[in-house]
There are 2 protein chains.
Amino acid sequence: MSSASLGSMVNRGDMPAARRNATATRILDVALRLVQVRGYNAFSYADISAELRITKASLHHHFRTKAELGTALVSGYRRDFLAALDEIDRRGGDAPAKLAAYAALYLQVLRADRMCLCGILAADFETLPKAMRREVTEFFRANEVWLTGIFEHGRLAGTLRFDGDPGLMACVVVSSLEGALLVARSYGGVRSFEAVVKKLLDGLRVRS
Amino acid sequence: MSSASLGSMVNRGDMPAARRNATATRILDVALRLVQVRGYNAFSYADISAELRITKASLHHHFRTKAELGTALVSGYRRDFLAALDEIDRRGGDAPAKLAAYAALYLQVLRADRMCLCGILAADFETLPKAMRREVTEFFRANEVWLTGIFEHGRLAGTLRFDGDPGLMACVVVSSLEGALLVARSYGGVRSFEAVVKKLLDGLRVRS
DNA sequence: GTCTATAGGTGGATAGAC
DNA sequence: GTCTATCCACCTATAGAC
């Protein structure tokens with residue numbers, strides 16, 4: 001996963017990367033950015049068409065329906081995000097370091113002037129096709145599973161301190177980071193986001 | 001402000017309540033719910049028309065444009081929310097109690113199966129008319145101001161413990177609660193929301 | 001794989017009768 | 001204040017030529 005991944009992340013949907021051609025990839029890139037900035041109901045095939053100078057009919061050749069495009073979008077985003085989590089695990093380090101790396105993924109999105117794809121789709125949730133809803137829910141669930149593991153290991157190793165269920169702590173982290181991204185758009189900067197991250201990590205630190 | 005306020009909140013926009021007639025009020029009620037559930041770009045005059053059995057043309061008599069309706073919506077929401085904060089102040093109690101009451105306002109929204117109006121509009125932010133953007137930003141700013149006062153008083157009185165700028169703590173609280181609402185839609189319950197609130201309040205408690 | 005052309009629907013908004 | 005009728009722009013999607 002490249003360093004610009006979550007902002008400019010290439011999203012190949014359900015299909016293995018090798019089977020997607022360059023055009024489909026470019027369509028997904030543009031669509032991803034449009035949804036992350038405007039939301040699912042405020043972007044159209046016409047927008048992509050204008051940007052890539054390809055007719056709407058051609059877009060439908062690659063993604064038959066908007067629901068199909070949207071589903072490919074979330075599916076690929078989830079895959080790439082989970083790949084980033086694997087990369088964090090591969091690099092090693094203690095639980096606090098991994099949490100900091102996790103927060104850095106969100107900061108990357110904010111710096112690209114975007115919202116987390118699944119965060120903005122959670123706002124659009126009631127209007128999404130069923131397949132997309134499933135993908136969004138699964139994204140959050142997968143994040144929660146990964147974070148739960150971090151919290152369990154961290155407490156056992158004595159590097160994290162917290163009360164109660166590690167799974168609930170995972171909810172707390174996901175919620176706080178998504179909210180920090182959301183509100184930062186109106187605050188217009190990274191300052192409030194970084195304050196949330198600091199407070200979150202400080203609250204988990206083992207006190208001397 | 002009634003107990004069902006933030007969910008079923010009547011929103012009278014820029015105009016004093018006494019100057020809005022019953023029809024305008026019903027329009028705002030329906031529109032508020034539709035936006036809180038679907039977002040700004042996924043509701044239409046046709047939706048309101050069907051629900052109230054009034055033609056779209058009649059709706060335009062009360063609110064000339066969608067932007068005008070939207071602006072009245074946020075403006076009224078902000079006013080009612082700030083009235084709820086005044087009510088919290090009026091009831092008295094220490095800083096932790098006021099923070100708990102603040103969080104309860106959000107829980108009320110969640111229980112009505114809605115998102116905070118300004119939270120969902122933050123997701124739609126890039127697509128909003130300028131007047132609406134200003135209202136949303138002002139909503140967050142006003143919340144921040146109120147919370148900053150709570151943090152300043154709480155630290156002075158020795159009822160709250162935290163490091164750094166009270167204004168940043170206010171950002172943290174707003175962000176976390178908005179995010180908890182957002183993500184709770186996918187988690188499908190109040191459990192994750194309550195975990196965030198508990199963690200937030202515990203982190204501020206004065207330790208014995 | 002891309003195009004032109006078009007279908008059928010819905011969006012916000014207006015004119016003018018009652 | 002509500003209605004019918006209408007406008008035009010935009011939406012998703014398809015047929016069929018190249």
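Proteins get letters first, then strands, A, B, ... in listed order; numbering begins at 1 in each.
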Are D163(A) and K198(B) close enough for a salt bridge, meaning some N to O gap below 4.0 Å?
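No, D163(A) and K198(B) are not salt-bridged.
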Might you point out which heavy atoms bring V35(B) and L121(B) nearest each other, and give the distance in Å?
CG1-CD2, 4.0 Å
Across the strands shown, which category fits F63(A) at heavy-atom distances under 4.0 angstrom: base, sugar-phosphate, nothing?
nothing
Categorize T55(A) for me: base, sugar-phosphate, or nothing, with a 4.0 angstrom heavy-atom threshold over every strand shown.
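T55(A): base contact, heavy atoms under 4.0 Å.
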Measure [atom1]/[X] against [atom2]/[N] and give the value in whole Å, please.
X	N	atom1	atom2	answer
Y45(A)	dG9(C)	OH	C1'	17 Å
L52(B)	dC3(D)	CG	P	11 Å
D47(A)	dA9(D)	CG	P	17 Å
H61(A)	dG16(D)	NE2	C1'	15 Å
L69(A)	dA13(D)	CG	P	10 Å
I54(B)	dG1(D)	CD1	C1'	9 Å
H60(B)	dC3(D)	NE2	P	13 Å
K56(B)	dT6(D)	NZ	P	14 Å

Please state whether the phosphate of dG1(C), meaning OP1 or OP2, lies under 4.0 angstrom from any side-chain nitrogen or oxygen of S58(A).
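No, no such contact exists.
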Whether T65(B) contacts dG12(C) is assessed here as follows: a side-chain N or O lying under 4.0 Å from the phosphate OP1 or OP2. Is that the case?
no
Using modelled atom types and a 3.5 Å cut-off, is there a donor and acceptor pairing between side-chain atoms of D47(A) and backbone atoms of S44(A)?
yes
Pick one: which of F125(A), W146(A), F81(A) meets ring pair (Phe, Tyr, Trp, His ring centres under 6.0 Å) with F139(A)?
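The single option meeting the ring pair (Phe, Tyr, Trp, His ring centres under 6.0 Å) with F139(A) is F81(A).
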Residue mapping more 5' on DNA chain D - nearest nucleotide basis, A57(A) or H62(B)
H62(B)
As a test of understanding, state which of K130(B), R141(B), R78(B) forms a salt bridge (charged side-chain N to carboxylate O under 4.0 Å, His left out) with E135(B).
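When K130(B), R141(B), R78(B) are each tested with E135(B), the salt bridge (charged side-chain N to carboxylate O under 4.0 Å, His left out) holds only for R78(B).
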Quick note, N21(B) side chain, CB onward, closest among dG12(C), dG1(C), dG1(D) is dG1(D)
